[in-house]
Amino acid sequence: MMIKTNSKFLFFFTIALLFSSLVYAQIKPEHPLYNKIVNEDSLLFDEAFNKCNTDVLDSIIALDLEFYNDTSGANYGRQPFIESIEKNICGRNYSPKRKLVENSLEIHLLKNYGNVYAALQKGKHEFYAIEKNKKSYLTSTADFTHLWLKTSNDWLLKRMLSYNHKTSRQVSEVREGIIHDECFSLESLREKNNIPAMGVAILQNSRLQRIEVYGELEPGVPAPYDAIFNVASLTKPIVTLLTLKLVENGDWDLDQPLYPYWTDPDIAGNPNSKKLTTRHILSHQSGFKNWRYENESGQLKFDFEPGEGFQYSGEGFEYLKKALKGKFDKKLEVLADSLLYQPLKMDDTHFYWNETIDENRFAKWHDKDGNKVYDTYKNKSASAADDVLTTIEDYGRFAQYILNGAGLSQDLFTEMVRQQNGKEQNIKMGLGWEILPNLKDDQYALLHTGGDKGVNTLIMLLPKTGEGVVVFTNSDNGKNVFFPVIEKLLSLGKQITGKAQ
């Protein structure tokens, strides 16, 4: 049922909403009502819109709902609104998907002499089309304002405004001056290097601005935007941050020796085992080789006293994992879930294979000629050094979090990006990150790469400019695209690659 909009009412209603948002500051995500409104929003869009489960709307929408749209007019009443979704959204020849734009959500509480009676929700969202065996594509974007009324039992959606709609073409035109041309060149770069599937996340102004996934998972099967990649050693920045979170919370100490919580039997008689700390491990100064099997004996051993040299080591991170387990009696995946994955909504990120992972979305590994010659190794336990399974969107969220301070105090963040190993070292290591110092205007870059058979991945961040790129590939050729991507997408890219060459 379409009814002509009462422009006078809508004007005063909008002014009232804007006035309310100015008077009352938005609440923070840790506020209990913030999560309540987010959960209601999830029912509205994740269930009713994305899954066409409109039955949930009866409990969250007021009978006298008013919906105002700047392209399709006004809609009054709960039932007409539900019917419009079933006809205009669920009746399409593709599956719709609504995504909330990262960091766009605001929630303001409306009060009557101190008592909360309503909540104003504002944000931006994107709408995608998902078709079988095709890459999902953007259809439109819009701003929205929702008014939720508090009732005796729950919250009901009373007013909806959807405005500032843009088509996918309009969005592309807006973005063209920033990354539009680069996105086309990235596809050519993938094809030139014979990489079956490649994911790229682009960050600007300390925000995740764009996610692109190119290529195919199988011949004729396009790689979806939520393709799952094994990211090899990009596992280490995740484990670094969860460890620093424990330090921030006062539950862990960077410089306390680890032996009270774990001592590997191979080094139990070595006095260096009493000196090894978390700082040594995160800065790759543990004294261990990358893997113990590289030693002739196949056992773990110190090549030098902890802190007295630099040597990249996955074994160090595995050692840290066992020490964390020794103190907290919690597995690595449990700690990561509570400290990172849930807060950052990294729902598609896992340390190992389990029944929830859709193998049809997995980017299998390929050699330099594009042949799928490597078997898919399905690890069944968590490694702190390798083999995290994730999507470019999830890791892009993680990258954004780092650019915004990672939820750490300024002192601890500064410690993370400060060189920890000897000044004579060519590779400058912070805590868990390689540092590229002395860039233009006293800037620096944070860097980590990952590489296994058929896997090459990269994250590079410029904290002072808020820029960053994340690159996932499922090919031995993946590292060939790193320099071109850095040069094209980062303002200091050419300086960075010039230093490396």
- Query: Can you list the steps and then say if Y444 with W433 is a ring-ring contact (aromatic ring centres under 6.0 Å, His included)?
  - Reply: CA-CA 12 Å; Y444 66 96; W433 294 88; over 10 Å; no
- Start with the C-alpha gap between E216 and V221, add the side-chain angles, then the distance that decides, and say whether side chain to side chain contact (heavy atoms under 4.5 Å, CB included) holds. CA-CA 5 Å; E216 298 179 330; V221 180; 5.6 Å; no
- Start with the C-alpha gap between W148 and I107, add the side-chain angles, then the distance that decides, and say whether side chain to side chain contact (heavy atoms under 4.5 Å, CB included) holds. CA-CA 10 Å; W148 296 86; I107 297 177; over 6 Å; no
- Assess whether side chain to side chain contact (heavy atoms under 4.5 Å, CB included) is satisfied between I85 and C90, documenting all intermediate values. CA-CA 6 Å; I85 289 181; C90 302; 4.1 Å; yes
- Decide yes or no on side chain to side chain donor-acceptor pair (under 3.5 Å) for N354 and T356, but give the supporting numbers first. CA-CA 6 Å; N354 61 60; T356 68; 2.4 Å; yes
- Does the pair E333 and Y341 meet the rule for a side chain to side chain donor-acceptor pair (under 3.5 Å), with working shown? CA-CA 9 Å; E333 58 268 34; Y341 295 167; over 6 Å; no
- Message: Quick one, D154 with L156, criterion side chain to side chain contact (heavy atoms under 4.5 Å, CB included). Give me CA distance, side-chain angles, the key distance, then yes/no.
- Response: CA-CA 7 Å; D154 218 327; L156 289 178; over 6 Å; no
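In this structure, the side chain of E467 does not engage the main chain of L490 through any donor-acceptor pair within 3.5 Å. Between the side chain of D394 and the backbone N or O of T349, at least one donor-acceptor pair lies under 3.5 Å. At least one donor-acceptor pair closer than 3.5 Å links the side chain of N404 to the backbone N or O of S206. No donor-acceptor distance shorter than 3.5 angstrom exists from the side chain of R98 to the backbone of H125, with no hydrogens or angles considered. A donor-acceptor pair under 3.5 Å is formed between the side chain of N39 and the backbone N or O of N35. Formation of a donor-acceptor pair under 3.5 Å by the K97 side chain with backbone atoms of N50 is not found in this model.
Counting heavy atoms from C-beta on, the side chains of T457 and S233 never come closer than 4.5 Å. Here the side chains of Y377 and D452 are not in contact, with every heavy-atom distance at 4.5 Å or above.
Heavy-atom minimum distance, F351 versus I238: CZ-CG2, 4.4 Å. For the residue pair V200 and I202, the shortest heavy atom distance occurs at CG1-CG1, 4.0 Å. Shown here for E218 and K364, the closest heavy-atom pair between the two residues is OE2-NZ, 3.8 Å. Nearest heavy atoms, N230 versus V455: O-CG1, 3.2 Å. Nearest approach of A406 to L241, heavy atoms of both residues: CB-CD1, 3.7 Å. Smallest separation of non-hydrogen atoms from A445 and I496: CB-CD1, 4.3 Å.
Remark: the D348 side chain and the T391 side chain contain no N/O donor-acceptor pair separated by less than 3.5 Å. Donor-acceptor pairing under 3.5 Å is recorded for the side chains of T414 and Q410.
Aromatic ring orientation, F45 versus F144: tilted (interplanar angle from 30° to 60°). Below 30°, between 30° and 60°, or above 60°: for F127 and F49 the angle between ring planes is between 30° and 60°, a tilted geometry. A perpendicular orientation is assigned to the rings of F362 and W353, their planes being inclined by more than 60° (bins at 30° and 60°).
Heavy-atom contacts from other residues, nucleotides or ligands closer than 6.0 Å to NZ of K325 number more than 12. The neighbour count for K440 NZ, taken as heavy atoms of other residues, nucleotides or ligands under 6.0 Å away, does not exceed 12. Taking a 6.0 Å sphere around NZ of K327, one finds it holds more than 12 heavy atoms contributed by other residues, nucleotides or ligands.
Salt bridge D441/K464: absent, no basic N to carboxylate O contact under 4.0 Å. No salt bridge links E102 with R207; every basic N to acidic carboxylate O contact stays at or beyond 4.0 Å.
For Y395 and F398, the gap between ring centers is short of 6.0 Å.
Here the OG1 atom belonging to T243 is positioned 4.5 Å from the CG atom belonging to L320, to the nearest 0.5 angstrom. Taking CD of E86 as the start and SG of C52 as the end, the distance is 8.5 Å to the nearest 0.5 Å. Rounded to the nearest 0.5 Å, atoms CD1 (I228) and CG (D226) are 7.0 Å apart. How far CD of Q443 is from CG of L462: 6.5 Å, rounded to the nearest 0.5 Å. Once rounded to the nearest 0.5 Å, the distance linking NZ of K488 with CG of L189 reads 7.5 Å. Atoms CD and NZ, from E248 and K245 in turn, are 7.0 Å apart once rounded to the nearest 0.5 Å.
Within the cation-pi definition used here (under 6.0 Å to the ring centroid, within 45° of the axis), R190 does not qualify as a partner of Y214.
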